[in-house]
Amino acid sequence: DVKVTQSSRYLVKRTGEKVFLECVQDMDHENMFWYRQDPGLGLRLIYFSYDVKMKEKGDIPEGYSVSREKKERFSLILESASTNQTSMYLCASSWGGRGGELFFGEGSRLTVL
Amino acid sequence: AQSVTQLGSHVSVSEGALVLLRCNYSSSVPPYLFWYVQYPNQGLQLLLKYTSAATLVKGINGFEAEFKKSETSFHLTKPSAHMSDAAEYFCAVRGASKIIFGSGTRLSIRP
């Protein structure tokens with residue numbers, strides 16, 4: 001089975017802190033994605049990556065950056081956390097090609113105080 | 001560009017009744033369409049997907065969806081609801097590159 005592992009299920013951070021969310025997949029997928037999920041808004045794409053060292057902005061990239069140094073790992077970075085970044089963050093991966101479905105991790109719930 | 005609209009943020013049905021969750025999409029290229037389910041405190045898992053083969057797609061747990069190009073719809077159905085179907089359901093469309101999700105529909109099942 002495909003496994004997408006997010007390093008932390010729950011995090012509590014203070015405003016201004018730097019936050020790292022880590023995601024690892026074990027199926028050699030080319031594509032990796034970061035979404036945030038908020039009630040009533042569904043999932044919104046933050047960043048995605050089609051290859052190592054590649055990144056593309058999604059719909060809401062402001063306040064975030066990403067890193068993909070190895071194929072299996074895709075990190076989301078909040079340089080200076082703010083309260084409006086309190087949310088559920090979901091990482092996903094997929095095979096290359098448009099027909100490939102996303103495989104999701106269990107999510108990281110971040111609270112910024 | 002592509003977008004997804006899910007009609008109804010909350011749907012409630014009785015156990016044993018028909019489940020119908022609505023999804024309309026727009027896409028500038030022939031779309032690939034997906035339905036995902038999310039149980040509390042979990043990530044999303046794939047129910048079914050449409051990738052330009054058969055227009056009626058069968059998925060897991062007795063769900064199915066029909067792609068209707070003329071109506072730009074991809075509604076999810078299940079003939080008989082079970083208590084274990086209570087969850088949030090997301091429709092998604094993949095155009096040229098990104099996968100875009102709808103805002104979700106929470107399905108409740110009444111005993």
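Model, not experiment: these values are computed from the prediction. We use all heavy atoms of the structure for the numbers below, so side chains are in, but hydrogens, waters and symmetry mates are not.
Follow the hydrophobic side-chain contacts under 4.5 Å out from B:V37 and you never reach B:L46; the two are in separate clusters. Each of A:I77 and A:F74 belongs to its own hydrophobic cluster when Ile, Leu, Val, Met, Phe, Trp and Tyr are linked at side-chain heavy-atom distances under 4.5 angstrom. When the side chains of ILVMFWY residues are joined at heavy-atom separations under 4.5 Å, either directly or via intervening members, B:Y32 and B:L48 end up in two distinct hydrophobic clusters. No path of Ile, Leu, Val, Met, Phe, Trp and Tyr side chains, each step under 4.5 Å between heavy atoms, connects A:Y50 with A:Y64, placing them in separate hydrophobic clusters. Follow the hydrophobic side-chain contacts under 4.5 Å out from A:Y35 and you never reach A:V66; the two are in separate clusters.
Taken from CZ in B:F90 to CZ in A:F104, the straight-line distance is 9.0 Å, to the nearest 0.5 Å. Rounding to the nearest 0.5 angstrom, the gap separating the CG atom in A:L90 from the CG atom in B:L44 is 6.5 Å.
Proximity to chain B is limited to the side chain of A:N31, based on heavy atoms less than 4.5 angstrom apart. In this structure, no portion of B:Q45 lies under 4.5 Å from any heavy atom of chain A. Using a 4.5 Å cut-off between heavy atoms, A:Y10 touches chain B through its side chain atoms alone. Looking at A:Q37, only its side chain comes within 4.5 Å of chain B, counting heavy atoms on both sides.
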Practice task
In sequence, state the C-alpha distance, the side-chain angles, and the governing distance for B:Y36 and A:L102, and then conclude on side chain to side chain contact (heavy atoms under 4.5 Å, CB included).
Solution key: CA-CA 9 Å; B:Y36 285 84; A:L102 299 185; 3.4 Å; yes
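Using modelled atom types, one side-chain atom of B:R94 and one backbone atom of A:G100 make a donor-acceptor pair closer than 3.5 Å.
Note on B:G102, B:G43, B:S9, B:G104: by heavy-atom pairs under 4.5 Å with chain A, the leading option is B:G43. Note on A:R9, A:Q6, A:M88: by heavy-atom pairs under 4.5 Å with chain B, the leading option is A:R9.
The neighbour count for A:R44 CZ, taken as heavy atoms of other residues, nucleotides or ligands under 6.0 Å away, is above 12.
Within the 4.5 Å cutoff, no side-chain heavy atoms of B:I99 are placed close to those of A:L43.
Closest approach of A:G40 to B:S103, counting heavy atoms only: O-CB, 3.6 Å.
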